[in-house]
Amino acid sequence: MSGGSGPRQRVKTAKGRKVSSTRWLERQLNDPYVKKAKAEGYRSRAAYKLTELDQKFGLLKGVKAVVDLGIAPGGWSQVVRRRSPAAKIAGIDLLPTDPIDGVAILQMDFMDDAAPDALREALGADAADLVMSDMAANTVGHPQTDHLRTMALVEAGMLFATEILRPGGAYVAKVLAGGADNNLVAELKRHFTTVKHAKPPASRKDSSEWYVIAQGFKGRLRREALKAGQSPFCMLHP
Ligand SMILES: C[S@@+](CC[C@H](N)C(=O)[O-])C[C@H]1O[C@@H](n2cnc3c(N)ncnc32)[C@H](O)[C@@H]1O
């Protein structure tokens with residue numbers, strides 16, 4: 001997507017406004033995805049990242065139950081709702097999210113021990129077809145710390161996905177530049193038949209975010225079977 005209509009808008013630095021805030025405002029005003037989101041009734045330009053990932057990977061095809069980790073302000077769930085009007089959707093965020101028709105929204109920390117059960121209950125389905133995470137840890141400006149904190153969210157999302165997905169289901173998560181690290185990719189490959197990375201066009205070029213897309217969930221691994229050296233796959237959600 002390029003350009004957008006009309007001349008580029010400039011924002012004057014107001015008294016008390018930081019230069020970085022002025023730049024952010026200017027970028028928002030001139031961003032074609034921001035304009036499109038406004039025109040099409042999406043709460044965030046992030047909606048187009050999921051739309052583009054869906055176009056490339058068919059993530060939303062036929063989904064009946066979806067979990068949205070880091071739902072606020074709600075763009076991704078709006079996309080799912082429009083694509084699959086009957087799908088059950090449950091989302092979680094630290095921040096409040098305005099209601100979305102038919103979406104169960106929890107305001108809590110996904111890293112809280114109680115979050116997985118609360119989400120399962122909110123979803124109201126035995127299993128999900130898709131777990132999507134657009135969660136981003138608040139950056140502290142120390143690259144290693146930021147990377148570790150984001151990876152902790154991706155890993156926690158993966159663990160949750162392996163407990164709630166039906167066989168064949170998918171997990172998509174935001175990761176930082178360089179993608180998921182080798183250990184995480186190896187772990188994802190144990191659980192999913194394909195693992196890919198993508199940066200949708202709507203993701204800003206100067207942002208370090210990428211997405212990891214894991215599809216074809218193999219089914220829950222049965223820990224006892226693994227220990228006993230038997231076939232580890234146990235289809236708990238046929
Ligand atoms: C980029 S935004 C998500 C945008 C959303 N996909 C949309 O389309 O509107 C990332 C969200 O992740 C949330 N988040 C970060 N860490 C979280 C955590 N531990 N638990 C729940 N939400 C978290 C943030 O509060 C933030 O709202």
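Computed from heavy atoms alone, side chains included, the values below leave out hydrogens, waters and symmetry copies. In listed order, ligands and their atoms are each counted from 1.
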*Could you tell me if any non-hydrogen atom of Pro73 lies under 4.0 Å from any atom of ligand 1?*
yes
*Met108: heavy atom below 4.0 Å from ligand 1, yes or no?*
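Right, Met108 reaches ligand 1.
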*Classify the angle between the aromatic ring planes of Phe110 and Phe160 as parallel (below 30°), tilted (30 to 60°) or perpendicular (above 60°).*
perpendicular
*Relative to the ring of Phe192, is the ring of Phe217 parallel (under 30°), tilted (30 to 60°) or perpendicular (over 60°)?*
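Rings of Phe217 and Phe192: tilted, as their planes differ by 30° to 60°.
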[X] neighbourhood, listing ligand 1 atoms whose heavy-atom distance to it stays under 4.0 Å:
| X | result |
| --- | --- |
| Ala72 | 2 (S), 3 (C), 4 (C), 5 (C), 9 (O), 27 (O) |
| Lys174 | 1 (C) |
| Ser44 | 7 (C), 8 (O), 9 (O) |
| Ile71 | 5 (C), 7 (C), 9 (O) |
| Leu95 | 25 (O), 27 (O) |

*Closest candidate by heavy atom, reference atom 11 (C) of ligand 1, pool Asp109, Val79, Leu69, Asp93*: Asp93
_Consider side chain to side chain donor-acceptor pair (under 3.5 Å). Of Lys174, Arg45, Glu209, Lys49, which one does Ser203 pass it with?_
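The residue from Lys174, Arg45, Glu209, Lys49 that satisfies side chain to side chain donor-acceptor pair (under 3.5 Å) with Ser203 turns out to be Glu209.
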_I'd like to know if the side chain of Arg82 and the backbone of Pro85 have a donor-acceptor N/O pair within less than 3.5 Å._
no
*Are the side chain of Gln78 and the backbone N or O of Arg43 linked by a donor-acceptor pair below 3.5 Å?*
yes
*Does any N or O atom in Gly75 lie less than 3.5 angstrom from one in ligand 1, N or O only?*
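Between Gly75 and ligand 1, an N or O pair is found under 3.5 Å apart.
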*What about Phe110: any of its N or O atoms under 3.5 Å from an N or O on ligand 1?*
yes
For [atom], find the nearest protein heavy atom and state the residue, atom name and distance (0.1 Å precision).
| atom | result |
| --- | --- |
| atom 14 (N) of ligand 1 | Met135 CG, 4.0 Å |
| atom 15 (C) of ligand 1 | Ala136 O, 3.2 Å |
| atom 6 (N) of ligand 1 | Asp134 OD2, 2.8 Å |
| atom 17 (C) of ligand 1 | Leu94 CD1, 3.5 Å |

*Just let me know how Arg43 lines up against ligand 1, side chain, backbone, both or neither, with a heavy-atom cut-off below 4.0 Å.*
neither
*For Lys199, does the NZ atom sit with more than 12 other heavy atoms under 6.0 Å from it, leaving out its own atoms?*
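Check passes, neighbour count above 12.
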*Above 12 or not: heavy atoms from other molecules or residues under 6.0 Å from CD of Glu40?*
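Counting neighbours around CD of Glu40, more than 12 heavy atoms of other residues, nucleotides or ligands fall under 6.0 Å, so yes.
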*What pair of heavy atoms forms the shortest contact from Ile105 to Asp98, and how long is it?*
CD1-O, 3.7 Å
*Measure from NZ or CZ of Arg204 to the centre of the six-membered ring of Tyr33 and say whether it is under 6.0 Å with the direction within 45° of the ring axis.*
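No.
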*Do you see a donor-acceptor pair shorter than 3.5 Å between the side chains of Tyr211 and Glu52?*
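The answer is no; no qualifying pair exists.
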